Amino acid sequence: MSSLKINHNCHICDGRENYSALSIIAENIVVIAQFVLAATLMRNFWLFNFPLLTIAFIVYCLVMLGYVLRRHLCSHCYYYDKWCHCGWGKPAALVVKKSETPMPTKSKLASFFWFSVLVLPIFTFILSLILNLTTFRTELPYLLSFTLTLVISGAMHVRDCKECKMRLVCPGSAAKKE
């Protein structure tokens, strides 16, 4: 990667032009595993013989990842209709139109989403223990696996952000702003 140069007209800096299919697939496998494990940690809450919380969580993730974040982040991104590190630039072009305005730097939507994906499963795990809906021994493998996917996903995110052309303006960037 070349030295950091910012084009002040379009807020794009030097960075990786495209990402490998293997990298995109690996990152998405980790994220899908994270969601499956999160849903598993919430599986003990039923309403009228229906896993309401788990289904609501899955729908929330699909709507947020499939449309809301694509509209608020991808539509403003350099990688719109391209293969970005997570592979969402191409699908975003199928569901939202490209925005000509600069990426909104004050967007907290992505942070809220990822924070909720982290906190809600842990909160429901603790609550299920308090309410005696499960045992710690039963849930420990899921909790450890969920934690491992968070660490791996976080490490991948930081690595990818450091190479991204949008790292200086993306509200979800884990790269240090210089």
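Keep in mind that this is a model prediction, so the values were computed, not measured.
By the rule that hydrophobic residues join a cluster once side-chain heavy atoms approach within less than 4.5 Å of another member, M64 and M42 end up as members of one cluster. I32 and F146 are members of different hydrophobic clusters when ILVMFWY side chains are connected at heavy-atom separations under 4.5 Å. Under the 4.5 Å side-chain heavy-atom criterion for ILVMFWY residues, a single connected hydrophobic cluster contains both L133 and L52. One hydrophobic cluster holds both L65 and F112 under the rule that ILVMFWY side chains link at heavy-atom gaps under 4.5 Å. Tracing side-chain contacts under 4.5 Å through hydrophobic residues (I, L, V, M, F, W, Y), one never reaches F115 starting from V31; they form parts of separate clusters.
L168 CG to C161 SG: the interatomic distance, rounded to the nearest 0.5 Å, is 11.0 Å. Between the CG atom of L62 and the OH atom of Y67 there is a distance of 15.5 Å, given to the nearest 0.5 Å. If you take CG on L47 and CD1 on I55, they are separated by 12.5 Å, rounding to the nearest 0.5 Å. For the atom pair CG (N132) and CG (N44), the distance works out to 11.0 Å, reported to the nearest 0.5 Å. Between the OG1 atom in T149 and the CG atom in L144 there is a gap of 11.0 Å [rounded to 0.5 Å]. In this structure, W88 CH2 and L69 CG are separated by 7.5 Å, a value rounded to the nearest 0.5 Å.
Applying the salt bridge (Lys or Arg N to Asp or Glu O under 4.0 Å) test to every pair with at least one member in residues 123-138, sequence neighbours left out, gives no pairs at all. Residue pairs meeting the ring-ring contact (aromatic ring centres under 6.0 Å, His included) criterion with at least one partner in residues 30-59, sequence neighbours excluded, are F35-W114. For the side chain to side chain donor-acceptor pair (under 3.5 Å) condition, no pair includes a residue of residues 31-41, sequence neighbours left out.
Considering only residues two or more places apart in sequence or on other chains, I29 meets the side-chain contact (heavy atoms from CB on, under 4.5 Å) condition with I25. Partners of R43 according to the salt bridge (Lys or Arg N to Asp or Glu O under 4.0 Å) rule, which considers only residues two or more places apart in sequence or in another chain, are E139. Remark: Y60 engages F113 in a ring-ring contact (aromatic ring centres under 6.0 Å, His included) (not counting sequence neighbours). With sequence neighbours excluded, the residues forming a side chain to side chain donor-acceptor pair (under 3.5 Å) with D160 are H85, listed by chain and number. K82 pairs by the side chain to side chain donor-acceptor pair (under 3.5 Å) definition with Y78, not counting sequence neighbours. Residues that satisfy the side-chain contact (heavy atoms from CB on, under 4.5 Å) test with D81, not counting sequence neighbours, are K90, A93. The side chain to side chain donor-acceptor pair (under 3.5 Å) search around S145 returns none, not counting sequence neighbours.
Across S128 and T134, no two heavy atoms sit closer than the pair OG-CG2, 3.3 Å. Residue E27 comes nearest to C86 through the heavy atom pair OE2-CB, 3.8 Å, listed as atom of the first residue, atom of the second, then distance. Closest non-hydrogen pair, V96 versus S75, comes out as CG2-CB, 4.1 Å. Nearest heavy-atom pair, K98 versus C77, reported as atom, atom and distance to 0.1 Å: NZ-O, 2.7 Å. Closest approach of L143 and L41 over heavy atoms only: N-CD2, 3.9 Å. Heavy atoms only, all atoms of each residue included: A110 and L73 are closest at CB-CD1, 3.7 Å.
Not one N or O on the side chain of K97 forms a donor-acceptor pair closer than 3.5 Å with the backbone of R71. No donor-acceptor distance shorter than 3.5 angstrom exists from the side chain of R16 to the backbone of K165, with no hydrogens or angles considered.
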Donor-acceptor pairs under 3.5 angstrom involving side-chain atoms of residues 117-125: please list them, not counting sequence neighbours.
residue, atom, partner, partner atom, Å
T124, OG1, L120, O, 3.0
T124, OG1, P121, O, 3.0

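In the hydrophobic clustering, where aliphatic and aromatic side chains (Ile, Leu, Val, Met, Phe, Trp, Tyr) are joined below 4.5 Å either directly or transitively, L148 groups with V30, I152, M156.
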Inset, instruction - Would you please test S99 and Y80 for side chain to side chain contact (heavy atoms under 4.5 Å, CB included) and show each step? - result: CA-CA 9 Å; S99 174; Y80 177 87; over 6 Å; no

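Within 6.0 Å of atom OH in Y142, 12 or fewer heavy atoms from other residues, nucleotides or ligands are found, so the atom counts as exposed in its surroundings.
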